[in-house]
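Here's the structure we're looking at; comments come further down.
In this text, all values refer to a predicted model and were calculated from it rather than measured experimentally. In what follows, chains carry the letters A, B, and so on, assigned in the order in which the sequence lines appear, proteins first and then strands, with residues in each chain numbered from 1.
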There are 2 protein chains.
Amino acid sequence: MNDRQQPLLRANKIGTSREDLRVHNLSLLLNMVHKSVVISRSDLAAMTGLNRSTISDLVAELNERGLIAEIEKPQASGVGRPSHLVTSSNRVFAFAVEISTYAVRVAAVGLSGNVVERRRVVTGMFPRPEAVVSVIKTLVTDIRSKLDKNSLIAGIGISIPGQVNEQDGSVRLVTTLGWGEVELASMVTAATGLPVTLGNDGTISCAAERDFGAGKGFSDIVYIFGGAGGIGGGVVVGGEMLRGTSGFAGELGHMRISDSRVEDNAGLPGTVEALLKREDLLDVLRLDDADDEELRLAVLRSRSPRLNKLIERQIDILGVAIANCVNIFNPEVVLLAGFLSVLFDADDYRLLANARAGGLAGARERVVIRKAELGANLVFVGAAEIAFAGLLADPAGFELLPPKKFK
Amino acid sequence: MNDRQQPLLRANKIGTSREDLRVHNLSLLLNMVHKSVVISRSDLAAMTGLNRSTISDLVAELNERGLIAEIEKPQASGVGRPSHLVTSSNRVFAFAVEISTYAVRVAAVGLSGNVVERRRVVTGMFPRPEAVVSVIKTLVTDIRSKLDKNSLIAGIGISIPGQVNEQDGSVRLVTTLGWGEVELASMVTAATGLPVTLGNDGTISCAAERDFGAGKGFSDIVYIFGGAGGIGGGVVVGGEMLRGTSGFAGELGHMRISDSRVEDNAGLPGTVEALLKREDLLDVLRLDDADDEELRLAVLRSRSPRLNKLIERQIDILGVAIANCVNIFNPEVVLLAGFLSVLFDADDYRLLANARAGGLAGARERVVIRKAELGANLVFVGAAEIAFAGLLADPAGFELLPPKKFK
DNA sequence: ATCTATTTGTTGTCTAGGGCAACATAATCG
DNA sequence: CGATTATGTTGCCCTAGACAACAAATAGAT
């Protein structure tokens, strides 16, 4: 292996030729429109530094390709000719798939982040991959037939509650599903004829928060999620998702922070996930099942001594996890999602104090710790985001497909 | 605060205009030449995808600016006209400064990574910042007078064994020096008239390993360093150093992994640094002082039961730290430096087994764990690297200074 | 209502910079 | 020594963004 060429070859992807420049600028604009939902042309010019005429040209090209739309009524703010407003096209969709412990959910998500046509099928525990693919095929086909025939499909993004090799589109290990190595992307592509992108649920949710939720405007984010299946995470570094070599990065829940022998879902002892369990809260509250909002209410209402003690213990653990992340990543903001946001509400003072105590002087000073924002649609938006990624990166070269299948 | 504009404004720095394209390509080539030390024009063309004629043009511009040199005797490899070899200029230097517990070291480092004119002054424990600045001034001035008068100076890069705010060039906290908040960059600039860049020692060493050492060719690296002053680290994500919001990122030594109450140098309990001390090895070996090579020899020779036990304990701790990093970053390679490389030599089998045991299936599979390569000059090379950063990013716009001071 | 100042969109022209083809050059190979 | 091959060089082309002039659409002043 020529280890001299390796890292340098990667560099040229940034764009060396004039055509790359065009691609880059189209991508830049489409991303801005996408994330802002609506934005004026003059704002686009100001933010990119590009000339008005160039913006006109680029916007026209994106418009021709059906990726954006210009709103008729111009913006009436301040002196001067009002600027045209640009918005994401309402014709472009991606299918977002969430595979969770015992159900598969599918939705169509528009380029502007609007979620339409939600479907859900209960698969039962430990479904076979083939069964899941079949469900996905059915739901996608169904939704596809409901979409306007002028629509354009970017592809399918699938959220996996486990380890995913993003490069080859294979699932590596999902303990909660009982899956080992599964070539899921190619299976779903074969079934639907659409390009498929897989992503870890933590990474996906984090991306959604970054683009449309509590992480908007930040470029260095640590996202920690607590669900029934364990503790997941995602990290944004310099605006980009932390992926690692194969896409396994960001497993904050499996960070070992204690000498405890208690094991997490992956069999690792003393990790955040091993020590911080949603079930423990449910047990103390004598709840069989509850979503996060019910859990939040129950916690805020009850406050029995046993609960208080548990919450203190959980907050202390979460505090250590946050402090470690702060020392390692020096982020602008730490977002807490799922039942971790319940802990935040239960005693934010103790949580912040704890997180600060373990952080180094420099890094802990400016970091903001807050709850995540996006609720039920979070995973859909994030999953669509990874399906849109190719389109957003190269608006001119990415091929969109019609809603009905040809062949 | 307009949180909509924030992240988007950052995006345009990547390069939107045609001039940015030129800057980008010049930077790309200079970086390639810099890291390869010598490289042929045809390789440059192949790796960047740029046309031969464009490479000619760009190389000519870099040559005119005195940043590179073309080697006369052409490369005689294979059929066809031999390609011109390009190398970094031997006229361009940066001053590398290492501030450590009781000494200051300064060297001039060439753009090709050659270290010349080393100097060292013992400052004693807990020197005042003003004293250190004075030493730096003296040494830099001295070296400056020794350099060829055709030389060009890029600036000063300073390695700090503590927390550094890279954005404003201030030191935040260095417990081993007894420093709190120090505006070091501006002080040294005032004393020398040269632009100054500060960096954390772990980050700097990691950058050096990435560019010229054991990390060459990898784009996702975790670097862990063990020294007398504690455990430091650095992380490379997608070829770029992990910096965080203010440059505090990468403090792997202060990651808490145990319930232990033992505190590290920053007063944090149960961290890697708290549990993994070089002194402990020295104590067991009854050594007062030893550099890493002496330590390595002593460890490999002795193997007393007490030492074995200590090493096992240390390896177990290091294994947890590595596993955590693997789960969080999914790197291609983990580099161990300082006395941690001694642990690797003492029992690499146990270390690898330990690191694997704590890693998740996907991430741990392909990761390589190895010793760092660069020795005595490591910090110099890395410190020079941060001084060269501006030049490498914008070869045409960065102003180089003559060796002698004018005024 | 009308005029002015201000901001934005549009149009045509300019230009920088990378691509390309043709040719020159310098090596290896038969 | 010619054929082949890879590379450097030269001149021309083309694309994409900059720029200037003008048109359009608003707010505010009179």
Side-chain angles (χ1 to χ4, degrees), chain A residues 11-30 38-65 68-86 394-397, chain B residues 11-29 38-65 68 70-86 394-397:
Chain A
N12 77 343
K13 286 187 194 158
I14 304 171
T16 47
S17 75
R18 290 187 336 277
E19 292 146 39
D20 295 333
L21 181 59
R22 183 70 171 188
V23 169
H24 174 257
N25 283 341
L26 284 172
S27 166
L28 184 61
L29 285 198
L30 186 56
V38 285
I39 188 168
S40 73
R41 282 212 228 171
S42 61
D43 280 353
L44 289 173
M47 291 184 210
T48 58
L50 289 164
N51 195 279
R52 292 202 302 270
S53 56
T54 309
I55 294 289
S56 267
D57 195 33
L58 290 166
V59 165
E61 178 165 350
L62 291 174
N63 205 348
E64 269 172 36
R65 293 184 181 278
I68 61 169
E70 297 208 63
I71 295 176
E72 286 309 310
K73 68 153 213 299
Q75 175 193 45
S77 74
V79 203
R81 176 175 176 172
S83 188
H84 293 179
L85 291 175
V86 181
D394 182 5
Chain B
N12 76 344
K13 287 190 192 154
I14 303 169
T16 46
S17 74
R18 291 189 334 277
E19 293 147 39
D20 294 334
L21 182 58
R22 182 71 170 188
V23 168
H24 174 258
N25 283 341
L26 284 172
S27 165
L28 184 60
L29 285 198
V38 285
I39 188 168
S40 73
R41 280 211 230 172
S42 62
D43 280 353
L44 289 174
M47 290 184 212
T48 57
L50 289 165
N51 194 280
R52 293 203 299 273
S53 54
T54 309
I55 295 288
S56 269
D57 195 33
L58 291 165
V59 165
E61 177 164 351
L62 290 174
N63 205 347
E64 269 172 36
R65 294 182 181 277
I68 61 169
E70 296 208 64
I71 296 177
E72 286 309 309
K73 68 158 213 298
Q75 176 191 44
S77 73
V79 204
R81 176 175 178 174
S83 188
H84 292 178
L85 291 176
V86 181
D394 182 5

Considering all heavy atoms of both residues, which atom of [X] and which atom of [Y] are nearest to each other, and what is their separation?
| X | Y | result |
| --- | --- | --- |
| A/Leu30 | A/Ile68 | CD1-CG2, 3.8 Å |
| A/Arg41 | A/Val86 | CG-CG2, 3.8 Å |
| B/Leu44 | B/Leu29 | CD2-CD2, 4.0 Å |

task: Using a heavy-atom cut-off of under 4.0 Å over every strand shown, decide if A/Arg22 touches base, sugar-phosphate, or nothing.
output: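 Here A/Arg22 touches the backbone only, sparing every base.
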
Note: B/Asp394-B/Arg22 ion pair, threshold 4.0 Å (strictly below): no

Nearest-angstrom distance from the residue atom [atom1] of [X] to [atom2] of [N]:
| X | N | atom1 | atom2 | result |
| --- | --- | --- | --- | --- |
| B/Asn51 | C/dA21 | CG | C1' | 10 Å |
| A/Asp20 | D/dC14 | CG | P | 20 Å |
| A/Leu85 | D/dA25 | CG | C1' | 14 Å |
| B/Asp57 | D/dT7 | CG | P | 19 Å |
| A/Asp43 | C/dT7 | CG | C1' | 12 Å |
| B/Leu29 | C/dG18 | CG | C1' | 13 Å |
| A/Ile55 | D/dA16 | CD1 | P | 15 Å |
| B/Arg81 | C/dA24 | CZ | P | 12 Å |

message: Taking the nucleotide of DNA chain C with the nearest heavy atom to each, does B/Val79 or B/Thr54 sit closer to the 5' end?
response: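 Nearest nucleotide further toward 5': that of B/Thr54.
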
task: Could you pick out which residue, A/Ala45 or A/Gly80, lies toward the 5' side of DNA chain C when each is mapped onto its nearest nucleotide?
output: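 The residue closer to the strand's 5' end, by nearest nucleotide, is A/Gly80.
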
field: A/Leu85 CG to A/Ser83 OG distance, which is reported to the nearest 0.5 Å
entry: 6.5 Å

task: Go through C/dT8, D/dG17, C/dG19 for me and flag the one nearest to the A/Ser42 side chain.
output: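 My answer, after comparing the listed nucleotides, is C/dT8.
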
When you measure from the side-chain N and O atoms of [X] to the phosphate of [N], is any distance below 4.0 Å, counting only OP1 and OP2?
| X | N | answer |
| --- | --- | --- |
| B/Asn25 | C/dG18 | yes |
| B/Ser40 | D/dT7 | no |
| A/Ser83 | C/dT8 | no |
| B/Ser56 | D/dT9 | yes |
| A/Arg52 | D/dA21 | no |

